[in-house]
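Quick notes on the structure that follows.
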Amino acid sequence: MGRSFGYLWSSTALSNLADGVLKVGAPLLAVSMTRSPTLVSLVGAAATAPWLLFALYAGAVADRADRRRVMVVANVARAAVLAVAGVLALLGLLDLWLLLAALLIAGVSEVFADLSAQSVLPMTVPESDLTRANGRVSTAQMIGNDFVGAPVAGLLVAALPAVVFGGPALLYGAAGLLLLGMRGTYRLAPGTEGRRPVRRDIGEALRYLWSHRMLRSLAVAAGTLNLAMAAYWAVFVLWVVGDGSRMGLEPRAYGLMMTTFAAGAVLGSLVSGRAAALFGEFRTLVGAWLVSSLLHLVPVIAPTPWALYPTAVLWGVTGAAANVLVISTRQRLIPAELLGRVNSAYRLVGMAGMPLGAALGGVMAEFAGLGAVLVGASGVCLMGVGHVWRAGSGRISRPLTSEPTLSDISRSR
């Protein structure tokens, strides 16, 4: 797909390996510092809060500045912060609050890096290769986060906690350096953006997202599904792990389930492009979301390990395939000069309900039981899928081999 995409993919692979180490290593370090569930939960909040606070601004920056340069600066910044945290840990000076501060600053850098990465990718490959390119990027993310980063983090915490920060610092630094190999400029042609307030750019992106029928429907559906799945996964472990659960799995068996989930996600990322070419983008996306929503009922209907493991593989396949198609679709539908801002608005809508969903899942489980939360979450997901289907079904009237793409569907907005 070209030299520039190769450098971008390699940088993404390294940064996601670092993400995987931090995702698992930081909570393990926190547990070694405190046994308070509330304080330990702040680790997750420090990772997600920057998305809610800085996403819109980061999107505006991605549309004003050189997107590659933003990624380089963001990677170098989080490398520096984590290097300092690693030195503090090595000297025995790292406490929970310094840990949270390091994660929060690194999280802010992640917002700028990720939004610029999604906006710069269409500038490195032809439009016809977007789905395939996003599939490769998604595969690198899954392997780095789940297959390599997570187990490495467990070993590092046990051997030398300081490396939980030092290792990712080196990886983020290398990821930033790799981006320097991308040729050309990745800044849009200058217009009036730099002479007007950032809030006007953000407002323009929000208006565009809301006025675009297909993008609005996808954003609402993503927010609905994420809210429901946050509730589902907040209590799912209580349904399957332990003597008092419905399945009675051991913790290591639960870990194996997550590994099968990741394996399915890698497969889904790789086959998403072929499935879209065979069945059409819109049908593949809606079908993946529909199947995934229904599959989340399986642990309730058949609470046995023999049903759980193949279901986890299919969760990964359908979830990753849908994710690749949604990202590719956004990159096609959003004008280049708005891509960073509208992407950030979309992700804000999509992620905003996750903290609320997790809290609702816990509260509902207390009053109605775990099974009610799992079934209810699946039902809410089906509502979100129905919303997207209604938005695009009016144009789905041709045979599968000549089905319009999501780009065609969106023109009826």
Side-chain angles (χ1 to χ4, degrees), residues 138 142 214-240 246-247 257-258 260-265 267-269 271-272 275-276 279-304 307-330 346-347 349-354 356-358 360-361 364-365 368-393 396 406 409:
S138 181
M142 293 294 174
M214 181 52 65
L215 287 174
R216 182 179 71 243
S217 299
L218 289 173
V220 171
T224 302
L225 267 65
N226 283 334
L227 183 148
M229 285 297 97
Y232 189 100
W233 287 100
V235 300
F236 183 70
V237 65
L238 299 173
W239 182 260
V240 300
R246 289 296 302 272
M247 288 193 191
M257 183 212 72
M258 297 306 295
T260 62
F261 178 92
L267 178 60
S269 298
V271 304
S272 57
F279 302 110
E281 286 182 324
F282 184 73
R283 278 194 174 98
T284 303
L285 172 61
V286 174
W289 271 347
L290 176 61
V291 171
S292 179
S293 301
L294 294 173
L295 284 172
H296 280 86
L297 293 171
V298 172
V300 181
I301 299 171
T304 58
L308 177 62
Y309 290 113
T311 299
V313 174
L314 293 176
W315 283 340
V317 171
T318 54
N323 188 52
V324 168
L325 289 173
V326 167
I327 292 173
S328 302
T329 297
R330 295 204 310 266
Y346 179 99
R347 295 189 70 172
V349 173
M351 296 179 67
M354 294 178 70
L356 175 61
L360 285 175
M364 287 181 61
L370 297 172
V373 175
L374 303 185
V375 173
S378 299
V380 172
C381 286
L382 290 172
M383 292 172 58
V385 176
H387 179 72
V388 172
W389 176 255
R390 286 192 298 273
S393 61
I396 306 299
L406 282 173
I409 296 168

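All of these numbers come straight from a predicted model, not from anything done at the bench. Counting begins at 1 with the first residue of the sequence.
The CG atom of Leu374 lies 10.0 Å from the CG atom of Leu238; values are rounded to the nearest 0.5 Å. Tyr309 OH to Thr304 OG1: the interatomic distance, rounded to the nearest 0.5 Å, is 10.5 Å. Distance check: Arg283 CZ to Leu325 CG gives 14.0 Å after rounding to the nearest 0.5 Å. Summarising the geometry, atom SG belonging to Cys381 is positioned 9.5 Å from atom CG belonging to Leu297; distances are rounded to the nearest 0.5 Å. For the atom pair CG of Leu382 and OG1 of Thr224, the computed distance is 11.5 Å after rounding to the nearest 0.5 Å. If you take CG on Leu267 and CG on Leu314, they are separated by 9.5 Å, rounding to the nearest 0.5 Å.
Between Gly384 and Leu225 the shortest heavy-atom distance is CA-CD1, 4.1 Å. The shortest heavy-atom contact between Leu295 and Pro299 is O-CD, 3.7 Å. Minimum heavy-atom separation, Asn226 to Gly350: ND2-O, 2.8 Å. When all heavy atoms of Ala231 and Val373 are compared, the pair lying nearest together is O-CG1, 3.8 Å. Here the closest heavy-atom approach between residue Val235 and residue Gly361 is recorded as CG1-O, 3.6 Å. What you find for Ala320 and Ser269 is that their closest heavy atoms are CB-OG, 3.6 Å.
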Side-chain donor-acceptor pairs of residues 215-223 under 3.5 Å, sequence neighbours excluded:
residue, atom, partner, partner atom, Å
Arg216, NH1, Trp210, O, 2.5
Ser217, OG, Arg213, O, 2.8

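Contact check for Tyr346 versus Ile327: no side-chain heavy atoms found under the 4.5 Å cut-off.
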| query | After noting the C-alpha distance and the side-chain angles of Leu290 and Trp389, does the key distance pass the side-chain contact (heavy atoms from CB on, under 4.5 Å) rule? | reply | CA-CA 10 Å; Leu290 176 61; Trp389 176 255; over 6 Å; no
| query | Could you go step by step and tell me if Val298 and Leu308 meet the side-chain contact (heavy atoms from CB on, under 4.5 Å) rule? | reply | CA-CA 7 Å; Val298 172; Leu308 177 62; over 6 Å; no
| message | Applying side-chain contact (heavy atoms from CB on, under 4.5 Å) to His296 and Trp233, what does each step give before you reach the verdict? | response | CA-CA 10 Å; His296 280 86; Trp233 287 100; 4.1 Å; yes
| message | For Leu370 and Val300: C-alpha separation, side-chain torsions, deciding distance, then whether side-chain contact (heavy atoms from CB on, under 4.5 Å) applies. | response | CA-CA 9 Å; Leu370 297 172; Val300 181; over 6 Å; no
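Judged purely by atom type and a 3.5 angstrom limit, Ser292 has no side-chain atom pairing as donor or acceptor with the backbone of Ala288.
Qualifying side chain to side chain donor-acceptor pair (under 3.5 Å) partners for Arg347, counting only residues two or more places apart in sequence or in other chains: none.
Between Tyr232 and Trp315, the ring planes are perpendicular. Angles over 60° get that label, and only those under 30° would be called parallel.
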